[in-house]
Structures are given as C-alpha cells and as structure tokens.
Amino acid sequence: MAAIFALCDCNNFYVSCERVFNARLVNRPVVVLSNNDGCVVARSNEAKALGIKMGVPLFQAQHIIDAHDVQVLSSNYALYSDMSHRVMSVLQDFTPEIELYSIDEAFLNLEHNVASGSLSDFGRKIRQTIYQWTGIPISIGMAETKTLAKLANNLAKKSEKAKGVLDLSCSPYQDHALECTPVGNLWGIGRQYAKLLNSHGITNAKQFRDVDIRWARKTLTVVGARIVEELRGNSCLPLESFPPAKKSLTCSRSFGHSVETLSDLREAVATFTVRVAERLRKNKLVAGAITVFVATNRFAKDAPYYADSATIEMAYPTDTTPELLERSMKCIEKLYRAGCKFKSAGVLLNALAPASPMTIRMNNDKQWVKSRSLIRAVDRINARMGRDTIKFGIVGVEQRWKTKFEKRSARSTTNWNEILAIA
DNA sequence: TCTGGGGTCCTAGGACCC
DNA sequence: TCTGGGGTCCTAGGACCC
C-alpha cells in the first residue's frame with residue numbers, strides 16, 4: 001500500500017494563538033503584524049471577510065481597520081513557537097510518521113494507522129483532540145500525495161460540509177476538487193508561474209494535471225513536472241521525518257528608525273551576529289563564511305536605493321561569537337556609506353558543517369579551546385538567567401535602530417512574569 | 001510618517017580544465 | 001572556406017514556501 005498523506009494546518013495560526021489567551025479577540029476581526037509592525041501576516045476570518053489582504057502594509061489597510069474596529073497586534077514569536085510545539089507534540093501522539101513542515105503545518109503518513117474509509121473519522125479525532133488540548137483550531141486534508149493533501153486542506157478550510165476535514169484519497173470527487181482549484185492556489189505555483197500558465201489557457205488544477213508532462217518540464221522546470229505528477233496521484237515528494245541539515249542561517253531586521261551613523265550600524269550588525277551565532281551553536285554547527293548585507297529604503301522616492309553585501313570566508317570554520325563579530329565588523333566598515341539612510345541589515349552564515357571535533361580545528365589550539373568553552377559558559381548562563389544576561393559591549397545600550405513591536409501581547413506561556421492572571 | 005524574516009531549490013552561463 | 005568538445009564547478013538570479 002502506498003502512503004496516505006494528511007496535511008494538518010492550524011487555522012489563522014498567529015491569530016488563533018492570541019485568542020487562546022485573550023477572549024476579547026474571539027468573533028472579532030483581528031490581524032497580526034510582521035516584524036517592525038510593517039505588514040499584515042495573519043488575519044482572522046472576520047478580517048479576511050473585510051478584504052484585508054495577506055502581506056499588505058499596515059498603513060494601506062488602516063482605513064478598513066479604523067472603519068471596522070479591527071484588533072491589531074504585533075508578532076509575538078515566543079508565544080507562537082511555544083504553541084506550535086504543543087500542537088506538534090499532540091500530533092506526534094497519533095503517529096511517529098510525521099514531518100514538521102512549518103510553524104503551523106505538519107504532514108502525517110496515515111497509511112499504517114487507519115483502514116481507508118475511516119480516514120475522515122480519524123482526522124476528526126485528531127482535530128478535536130488538538131482543539132481540546134491546545135485551543136487551536138486546525139484543518140486536515142488527506143490524499144495520495146502531498147500536493148493533493150495540500151489541495152484537500154484548502155478545500156477543508158473553505159467548505160461548510162467538510163467541517164475542517166477532507167479525505168480526497170480514492171475519492172470520486174477528485175476531478176471536481178481539482179476543477180474548483182485555481183492553478184495559482186496549488187502548492188508550488190506562485191504569482192509568476194500562475195501568470196504564465198494562465199497565458200496558456202490553464203486556469204485550474206485539473207487542466208494543469210492533464211498537460212503534456214514534457215511541456216510542463218520545459219516550461220516550469222522539474223518543479224512544474226513534479227507538481228503535475230503529484231496531481232496525477234504519483235507521489236514525488238516523500239515524507240521527510242528528519243529535517244535535512246541546514247545550509248545557511250540568517251538574522252536580519254529592518255530598523256524602527258533609519259540609521260545614518262557607522263556606530264549605530266555597527267551596533268545593529270553586532271546584535272544580529274550575536275543572535276545568529278547563538279543559533280549556530282544551538283544547531284551544533286560551525287560556519288565557514290559570513291556575509292553582511294545592508295540596504296536603504298527601497299520605497300523611498302527622495303533618495304537612491306543602495307543595497308550591498310560583503311562576504312568573508314574563514315580559514316577555519318568557527319562557532320564562537322568573538323570570531324564572527326571580528327569578521328562582521330570588518331564587513332560593515334566596507335559597506336558603510338556616509339549620507340545613506342540605512343533601513344535594514346542582516347548577517348548570514350554559510351558553508352555550515354557539523355561541529356564535530358574533525359571540523360572544529362585542532363584541539364591543540366589552546367586559544368581556540370579556551371574561547372569555545374568561554375562562549376559555552378555564556379550560553380548556559382543566558383539560557384538559565386534570561387537572554388542577554390551576559391552580553392557583548394559592542395551591541396550597545398541605546399540601540400536606536402530597534403525594530404518596533406508596539407502592540408505585542410504577553411509571553412503567556414514562556415515567561416513567568418507575563419503569565420495570564422485571572423482577576 | 002508607515003512596506004517582514006527565514007529559508008530552499010533550480011537553471012543558465014561563465015570559468016576552467018584536459 | 002575551415003576556428004574542438006565535453007565535463008565540472010561556482011555563482012547570480014529567479015522562482016517558490018510559510
């Protein structure tokens with residue numbers, strides 16, 4: 001028997017997380033903003049119904065928000081990632097054959113769990129359990145391939161009848177489901193591909209499924225050909241239970257205010273370097289190259305757009321913050337331009353490798369051994385006493401560049417001082 | 001005034017080698 | 001007149017995802 005994929009997707013995830021801890025948000029239009037309170041990245045169904053589009057800049061949606069008293073929140077990633085862990089761990093109780101695909105989605109293989117025919121019932125049980133144990137509503141789509149499961153999930157969300165669970169495997173309704181799905185809604189078909197397909201008269205998923213596979217390959221590369229195969233029920237994308245090794249790590253931010261001095265820019269880039277280095281060590285990796293990038297506001301009309309990057313390859317891969325800081329500070333000296341109003345910057349680590357003894361330099365390098373054990377001690381203290389209990393002077397105190405989060409809710413599940421209190 | 005962040009994969013084309 | 005050819009590696013750019 002072949003795999004049966006189930007895609008479990010949390011509904012309006014960030015909004016749903018906020019609602020668990022704030023009943024006033026229930027049954028009202030709610031949006032959650034991106035970093036820097038820039039764009040709308042999550043919407044409740046009520047907000048969607050008002051016509052607020054995904055990814056729209058806040059100021060462009062402001063008139064709708066004012067007119068309908070839409071509740072607006074900054075992102076609270078500490079809360080969302082903790083709620084994500086809770087949802088995923090409940091899912092893992094149902095089957096070990098699970099791929100954690102994103103913060104709010106997981107693929108399951110139910111081939112060994114259920115006799116087909118009772119798949120929907122099993123799905124409902126999962127859905128009900130998740131809701132009861134975490135407060136998060138989810139939708140589940142099932143089918144023979146990941147692409148079809150995604151499609152089923154979309155329909156499960158929209159259909160009144162499905163009540164959040166739709167099994168399209170061996171279903172006589174598959175043709176109809178594909179016909180109802182605009183080709184641009186398919187997993188892997190974005191704006192450009194949709195435009196291209198539309199220009200060839202292909203507007204729905206069924207038409208795309210039935211194209212000549214060689215044409216798909218030629219026009220949309222192997223990516224397109226794979227989607228066609230998946231729509232035909234031939235699985236090309238296996239369940240990935242073990243996350244593949246990371247190839248790069250980035251920490252970047254846009255600034256709350258534009259930055260014009262080298263010293264402010266250095267503080268920002270130093271901060272990003274410290275953060276990304278922490279994640280590097282957490283992943284037990286070392287980096288062989290570091291890239292720093294900066295940019296001015298690309299929307300500004302009164303000043304030219306400037307964006308550039310600088311890379312340093314290291315003779316010895318490293319995971320210690322001081323060594324990475326030394327390089328990123330060199331890069332930023334090169335990139336800085338007086339008179340530019342910088343709006344964003346970032347640090348990217350590349351050429352990652354496992355931090356095994358073989359790759360971490362000779363153990364007889366005394367200086368290296370010492371600095372590694374020092375930074376590990378710092379990590380342990382910060383893990384126990386709170387982030388930045390010990391920090392590097394170079395990151396500064398004022399941090400005038402700081403990203404905005406003006407409407408952030410409490411970190412109700414990860415910080416004792418912000419735990420929900422019932423008055 | 002105000003426009004996110006963190007990733008991956010694929011291909012074309014140039015450099016280089018024999 | 002006729003100006004090799006095939007392989008590999010690297011990178012930039014473009015597409016996609018959530």
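To find a chain, count down the sequence lines: A is the first, B the second, and so on, and within it residues start at 1.
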Between A:W187 and A:Y193, is the gap from one ring center to the other below 6.0 Å?
no

Write down the atom of A:K150, the atom of A:L7, and the distance for their closest heavy-atom approach.
CD-CD2, 3.5 Å

A:K343 has a side chain; which of B:dT3, B:dG6, C:dC16 sits nearest to it?
B:dT3

Looking at the side chain of A:S254, which of B:dG5, B:dC2, C:dC17 is the nearest nucleotide?
B:dG5

Kindly say if A:K247 contacts the phosphate of B:dG6, meaning a side-chain N or O under 4.0 Å from OP1 or OP2.
no

Distance check: side-chain N/O of A:R226 vs OP1/OP2 of B:dC10, anything under 4.0 Å?
yes

Base-pairing assignment for B:dC18 (Watson-Crick or G-U wobble, both under 3.5 Å)
C:dG5

N or O in side chain of A:R275 less than 4.0 angstrom from B:dG5 OP1/OP2
no

Parallel, tilted or perpendicular: which describes the rings of A:F342 and A:Y336, with under 30° parallel and over 60° perpendicular?
tilted

Report yes if at least one side-chain N or O of A:R191 is closer than 4.0 Å to OP1 or OP2 of C:dC17; otherwise report no.
no

Do you know the tightest heavy-atom contact between A:M142 and A:V165?
CE-CG1, 4.3 Å

Please pick, from B:dG4, B:dT3, B:dG6, the nucleotide with the shortest atom-to-atom distance to any side-chain atom of A:C251.
B:dG6

Closest to the A:P57 side chain: B:dT3, B:dG4, B:dG7?
B:dT3

Does the structure show A:W187 stacking with C:dC17, if we require the centres to be closer than 5.5 Å and the planes to be within less than 30 degrees of parallel?
no

Do the charged groups of A:E323 and A:K330 touch, with an N to O distance under 4.0 Å?
no

Quick one: is A:T250 getting a side-chain N or O under 4.0 Å of the B:dG7 phosphate, OP1 or OP2?
yes

What nucleotide, of C:dC16, C:dC18, B:dG6, holds the atom closest to the side chain of A:Y101?
C:dC18

Would you please confirm or rule out a distance under 4.0 Å between OP1 or OP2 of B:dT8 and any side-chain N or O of A:K246?
no

Under 4.0 Å from OP1 or OP2 of B:dG6: is there any side-chain N or O of A:S252 that close?
yes

Do the side-chain N or O atoms of A:S248 get closer than 4.0 angstrom to the phosphate oxygens (OP1, OP2) of B:dT8?
yes

